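Within every chain, numbering begins at 1; the chains are lettered A, B, ... in the order of the sequence lines, protein sequences first and strands thereafter. Since this is a predicted model, take the numbers as computed values, not measurements.
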There are 2 protein chains.
Amino acid sequence: MEISARKKKILAAVVDEYIRTAEPVGSKTIAETAGLGCSSATIRNELAELTALGYLEQPHTSAGRVPSPKGYRFYVNELMERQKLSVEETEAINARLNEKMEQLDRLMTDAGKLAGQLTGYPALTLSAPRAAAVKRFDLLYVDANTFIIVALLSNNTVKNKLVHLPFSVEQGQIQKLSALFNAGFTGLTEEEITPVLISATERAARDTMGLTSIIAAFTIETLSRSREGAAYVTGESSLLQQPEFRDPDKAHRVISYLSDSEHLLRLPSGGGQGDVRVIIGPENLAEELRDSSVVMASYDAGEGQRGLIGVVGPLRMDYSAVAAKLQYIAEGLSRLLGGGEAPAGFGKMILKGDVKSDEPDE
Amino acid sequence: MEISARKKKILAAVVDEYIRTAEPVGSKTIAETAGLGCSSATIRNELAELTALGYLEQPHTSAGRVPSPKGYRFYVNELMERQKLSVEETEAINARLNEKMEQLDRLMTDAGKLAGQLTGYPALTLSAPRAAAVKRFDLLYVDANTFIIVALLSNNTVKNKLVHLPFSVEQGQIQKLSALFNAGFTGLTEEEITPVLISATERAARDTMGLTSIIAAFTIETLSRSREGAAYVTGESSLLQQPEFRDPDKAHRVISYLSDSEHLLRLPSGGGQGDVRVIIGPENLAEELRDSSVVMASYDAGEGQRGLIGVVGPLRMDYSAVAAKLQYIAEGLSRLLGGGEAPAGFGKMILKGDVKSDEPDE
DNA sequence: CTTTAGCACTCGGAAGACGAGAGTGCCAGC
DNA sequence: GCTGGCACTCTCGTCTTCCGAGTGCTAAAG
C-alpha cells in the first residue's frame, strides 16, 4: 500500500524529532513543528494509522510515538534527506585527514577515531579479507645466528620476521634459500603451499637444519593472516553516553560483542550494497546487535582492495548526519589510498607505503 | 602506633568480606565468620577504633564498615596472604600460554586477554619505552618504481616500509643508498639524526629525487615510535559488570581514559617497585582513576626489555587473587620471552622472532 | 580493665499513595 | 475530512511510611 504524502511528512517529523530528543513524540509537537496546516487531532488520526501499519510504536498507551525498525528503514530509504556537510565540517575533516597523512601507518585506525569523534558513536574499521600470495621473498643475512625474512605480498603489504637460530648458518645458504623460495613459492596462495612442495624445496636446498620449514611456516601464517581481514573498534565507551545504553548490562553485551574481531568481520554480510550501508536493529544477523544500528561506508583502499568504515549506535541514530560524515571520510580515504591519479607532491606516494608491515590486533 | 593482632584480624576480615560481597560489613558478620572468640559488641568497639584510625569508613551512621584506601593499602602490604594458585589454575594458564606460542606475534595482547579473562577486569599490557637505534638497513629493489626499506632495530624488532615512487630509479642507486645509510645511520638514536647528516648523505648519494629524505623520515619516525612504548587495553567492557561501575558516567570516564594510550604509558610511574605493583585509588596520579585500583606485574621481555601486564578494577579488587594470577602470567611470559636458557625445540627461537615488525595500535 | 548483653537510636532503602502532566482515542459538529 | 473538546490512561516524580540492619552507649559481669 502506498503512503500518502502527509503521512510521509508526519513520519519524517516523528523520526527527526525522536532522533533529536530521544523522547516519544506526541501529536501536538508535530502539529507545531512540522508546519502542516492541520491540528493535532488530525495528526493523531494519522499517527494511529502509521502505528497500525507498523511504522511507529507506542511505549505505552498514553505516550507519544517512537519509530519502529520498519519506520527507520522507511525513513532511511525514502524520507531522509541526504544531509550536506557544512563547509566548516568538510574543512575540518580534510584537515584531519591531511594531518594524518603524516602518520601513515595509523591511517585506518585514525580514520576510525575521526569517525567516532565526529559522530559520537563507537567506530569500526574493517579491511576486506582477501586471499593474498607472496610476490617476492628476501632473506637478509644478519649474522651467523640471525636472519630476516621479508615477504612482499600481492596486496602490496610487506611482512617480515626476525629469526634467531640456535645454530650457525652461512650467508650462502641463506641466499640459496631465498632464490629457491622466490622460484618456487611466489604467486601461490595458502592452499597451494603443500607439504610436498616444502619438502621438495628442503631437498633442493640441501637444508638439514629446518630452515625451510621455518620460512614456509612463516609464509603460511602470513598468508592466512592476510586472508582473515582485520577489524578494530575505537571509542566503545561513547556508547555509554547514549540514553538507550544507560543500562550497563545492555551496553556490556554490545561492547563485548564488538570487542571480538571475529564478530566484526562477519558484520558487513548483513548489509545491503551501495556506498553507504545502513543496518537497522533486527536486520542485524547478530543477536547482540538487535537493538543497535550500524552504518558503514566503503572506500577504495588501493590495489583493488576495499575497506569499510562505520559506526555502531542506537536505533535512534542520526542516520543522515552519520551517513554524510562517513561517506565524506570514505571519499577522503579513497582519494588518499585509492588507485586514482597521484596528487601533487609525495602525498600519494608515501601513503601507499606502510611503516608497519602488518595490521594491529584489536 | 602499632595495631593489635586482633585489630589486624578484624581488618582483614572486613576487607575479605567486602571484596566478596561488595556490601558494607557489620560487626555481627565478623563475629560469626572470623572465628575470634568474642562477641559482636567487642568487634564493634574495635571497628570504631579502626574507623577512627582511618582504616575503615562508614557510608552512613548505621551501615556496616567499608575499607578506606588506607585500609586497602594496609591489607595489601601486611595482611593479604599471598594466594597460591591451584594446580588447575596454573595448568590452565600454562596451557593457554603454550597454545599462544603458536601465534607468536600476538603473544602480548593475548596475554592481556588471558589476564582479563582470568580476573574479570579490563587488562592492560605495556611495553617499556626505550630509545632504539637502527642496527642495520636494507633497501630491496622491487621494480623501477618500487622499493622496500627494511630496518633492524637495536631492540631486535624489524620495521619495514614499501615505497612507491612517481618516477623511476635504478637498482644501483638503491644499493648505493643502502650502503650509505648503513655506513652513516646505524647506531644513531633519533636525536642524532640531524638535518646536516641527512643532507650530507643526500649529496654523497647524488640523490636529486628526495629518496634520502624519504628513508630518513621513515627512520626517524620508526625510532620515535619505538621510544614511545606501546600500550593496549582489552576487555574494557567487563568493568561494567562491577557494581561500583554501574553508573555509566563513571564507567565512561574510566574507560575513555584507558582508551588513550598516552595515558596508559604514564600509568606505571605512579606505582611502587617490585614484581607486582598495586596502585590503590587515590594513589593514582590520574584524577580519572582515583576510585579505581591498578595491579601490574612486570616481566622480562628479552633483550633487556621489561613489559608490564596488569588489570584495572574497583578499589574492592580481589588483590591477592589478581596479584597471584598476574604474577604467574608474568613469570610465564618471562620464561617464554626472556633471556634465560633456550627450551628444547624451536619454541624459544621462534618466539624471539616477530611476525610483525611493529606493535599494534590500540 | 576487658568483655558482654541489652537497648534506644539513626539512617537508608523499599513500598505504597498521590497528584500532575502528557498524550491518547473517540465523538460530535463544522 | 478536519477540528475542538473531553474523558481516560499511564508514567513519573514526590512524599510518606515502615522496616531492619547496624550502631553507640551503658551497666553489669568476668
S27(B) vs dT23(D): side-chain N/O to OP1/OP2 distance below 4.0 Å: yes
Any R6(B) side-chain N or O less than 4.0 Å from OP1/OP2 of dT3(C): yes
Could you state the atom-to-atom distance from [atom1] of [X] to [atom2] of [N] in whole Å?
{"X": "H60(A)", "N": "dG23(C)", "atom1": "NE2", "atom2": "P", "answer": "10 Å"}
{"X": "Q58(B)", "N": "dC9(C)", "atom1": "CD", "atom2": "C1'", "answer": "14 Å"}
{"X": "K28(A)", "N": "dG5(D)", "atom1": "NZ", "atom2": "P", "answer": "13 Å"}
{"X": "E49(A)", "N": "dT24(C)", "atom1": "CD", "atom2": "P", "answer": "14 Å"}
{"X": "E46(B)", "N": "dT2(C)", "atom1": "CD", "atom2": "P", "answer": "10 Å"}
{"X": "I43(A)", "N": "dG5(D)", "atom1": "CD1", "atom2": "C1'", "answer": "17 Å"}
{"X": "K7(B)", "N": "dT2(C)", "atom1": "NZ", "atom2": "P", "answer": "10 Å"}
{"X": "I30(A)", "N": "dT24(C)", "atom1": "CD1", "atom2": "C1'", "answer": "13 Å"}

Give the nucleotide from the list [options] with an atom nearest to the side chain of [X].
{"X": "R44(B)", "options": "dT23(D), dT4(C), dC6(D)", "value": "dT23(D)"}
{"X": "T42(A)", "options": "dA5(C), dT24(C), dC2(D)", "value": "dC2(D)"}
{"X": "A41(B)", "options": "dA5(C), dT3(D), dG25(C)", "value": "dA5(C)"}

Base of dT24(C) paired with side chain of S62(A) (donor-acceptor, under 3.5 Å): no
Donor/acceptor link under 3.5 angstrom from R65(A) side chain onto base of dG25(C): no
Pairwise distance CG(L326(A)) to CZ(R277(A)) - rounded to 0.5 angstrom: 12.5 Å
Spacing of L267(B) atom CG and M296(B) atom CE [to the nearest 0.5 Å]: 5.5 Å
Non-neighbouring partners of E46(A) that pass salt bridge (charged side-chain N to carboxylate O under 4.0 Å, His left out), sequence neighbours left out: R6(A), K7(A)
P59(B) vs G26(A), nearer the 5' end of DNA chain C by closest nucleotide: P59(B)
Donor-acceptor under 3.5 Å (R82(B) side chain, A324(B) main chain): no
Exceeds 12 heavy-atom contacts within 6.0 angstrom, atom NZ of K28(A): no
The single option from V15(B), V66(B), L11(B) passing side chain to side chain contact (heavy atoms under 4.5 Å, CB included) against L56(B): L11(B)
Carboxylate-amine/guanidinium proximity below 4.0 Å for R316(B) and D291(B): no
Under 3.5 Å, which protein N or O atoms sit close to an N or O of nucleotides 26-28 of chain D? Give each pair with its distance.
none

